[in-house]
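First up is the structure itself, then whatever we jot down about it.
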2 protein chains.
Amino acid sequence: MSAGATLAARFQAWQGQTFDGGQCPVRDVLDQIGTKWSMLILIVLADAPSRFSALQRAVPDISKRMLTQTLRDLERNGMITRQVFPTKPPSVEYRLSALGESLLPPLQALVEWAESRHGEIRAARVHFDAERPA
Amino acid sequence: MSAGATLAARFQAWQGQTFDGGQCPVRDVLDQIGTKWSMLILIVLADAPSRFSALQRAVPDISKRMLTQTLRDLERNGMITRQVFPTKPPSVEYRLSALGESLLPPLQALVEWAESRHGEIRAARVHFDAERPA
DNA sequence: CGGAATCCAGCCCGATACTG
DNA sequence: CAGTATCGGGCTGGATTCCG
């Protein structure tokens with residue numbers, strides 16, 4: 001209950017300052033987390049620094065286009081670093097920054113919640129859909 | 001380091017079972033969290049059960065359409081409950097379910113991370129954009 | 001008051017092809 | 001190997017209108 005009040009208070013404090021979503025940390029970070037691939041890439045990089053092609057293999061159903069775009073975005077937000085090795089052919093290694101690593105504990109808490117509650121969520125969906133014919 | 005390995009292992013375990021994103025808890029929950037308004041609504045409801053119009057006031061820049069849709073989705077996933085009072089005119093109250101409340105601690109961890117690191121993220125963006133002219 | 005229905009613009013993102 | 005460029009479909013989500 002007090003945790004809830006704290007959450008709402010923090011959110012509304014930022015609302016009072018501005019309605020611009022870009023200025024509210026909660027919205028800003030949630031938007032980042034919400035993109036289809038960013039947290040998955042982060043999870044893979046949490047295991048080990050990886051090259052572009054290794055990331056493609058770790059997340060098989062991502063296109064090259066989206067992998068590039070997601071990596072650029074994570075780099076722009078300071079979550080990962082990009083190092084180019086001028087070999088032939090060139091290789092590029094991505095790794096978590098200190099900022100990126102600092103996100104891991106809260107992210108892991110979320111992953112654990114997702115795993116432990118996923119069954120309940122799926123059951124709730126079946127129940128809901130059963131009540132509503134169309 | 002071990003936390004990272006755990007994350008990747010969990011993600012990849014689900015990948016081994018199926019590439020269908022709908023079956024992977026991490027993707028499933030992340031998709032839900034990623035929607036534009038769902039976590040904001042949850043945060044407001046964490047403060048107190050609220051009626052439809054109260055939620056509109058709490059999140060000023062949400063359209064009625066998206067508020068309805070987001071509430072339905074949260075209800076379908078078992079995160080909130082919906083109670084209709086047959087007054088005139090009708091009133092409807094939304095409140096967190098036990099499942100919804102169980103998400104608050106991990107969510108709050110994320111909110112705290114967002115607030116404490118938001119300055120760094122914004123600084124990283126400015127730096128990145130400065131290096132890349134167009 | 002609390003929606004449902006419709007219309008439609010914009011973007012997300014996948015597929016494909018090309019490059020240093 | 002590690003991208004970039006371009007095209008296009010589909011879904012997201014805002015605006016508007018109508019309803020019990």
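What you see is a predicted model; the values in this text were computed from it and never measured. We use all heavy atoms of the structure for the numbers below, so side chains are in, but hydrogens, waters and symmetry mates are not. Within every chain, numbering begins at 1; the chains are lettered A, B, ... in the order of the sequence lines, protein sequences first and strands thereafter.
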Verify same cluster id: B:Leu99, A:Phe128 (apolar side-chain graph, 4.5 Å): no

Short side-chain N/O contact from [X] to OP1 or OP2 of [N], under 4.0 Å:
X	N	result
B:Ser53	C:dG2	yes
A:Tyr94	D:dC1	no
B:Arg51	C:dC1	no

Atom-pair distance ([atom1] on [X]; [atom2] on [N]), nearest Å:
X	N	atom1	atom2	result
B:Phe52	C:dA4	CZ	C1'	11 Å
B:Arg57	C:dG2	CZ	C1'	13 Å
A:Asp31	D:dG13	CG	C1'	13 Å
A:Ile41	C:dC13	CD1	C1'	14 Å
B:Leu55	C:dC1	CG	C1'	13 Å
B:Lys36	C:dC12	NZ	C1'	13 Å
B:Asp61	D:dA15	CG	P	10 Å
B:Phe85	C:dC1	CZ	C1'	14 Å

At a cut-off of 3.5 Å, list every protein nitrogen or oxygen paired with a nitrogen or oxygen from nucleotides 18-20 of chain C, distance to 0.1 Å.
none

Pairing of B:Lys36 and B:Asp61 as salt bridge, 4.0 angstrom limit: no

Ion pair check, A:Arg95 and A:Glu93, cut-off under 4.0 Å: yes

If we only count heavy atoms from C-beta on, is the [X] to [Y] side-chain gap below 4.5 Å?
X	Y	value
B:Val59	B:Leu55	no
B:Val111	A:Leu30	no
A:Asp73	A:Gln32	yes
B:Val92	B:Phe85	no
A:Leu107	A:Met39	yes

Taking only nitrogen or oxygen atoms into account, show me every contact under 3.5 Å that the protein makes with nucleotides 5-11 of chain C, one pair per line with its distance.
from  : atom 1 : to      : atom 2 : distance (Å)
C:dT6 : O4     : B:Arg65 : NE     : 3.3

Strand contacts (DNA chain D) in residues 67-76 of chain B, 4.0 angstrom heavy-atom criterion: none

Reported CZ-to-CD1 distance for the pair A:Arg76 and B:Ile121, which is rounded to 0.5 angstrom: 11.0 Å

Atom pair OG1 (A:Thr70) and OH (A:Tyr94), whose distance is rounded to the nearest 0.5 Å: 10.5 Å

Shortest non-hydrogen separation from A:Ser50 to A:Val44 and the atoms involved: OG-CG1, 4.5 Å

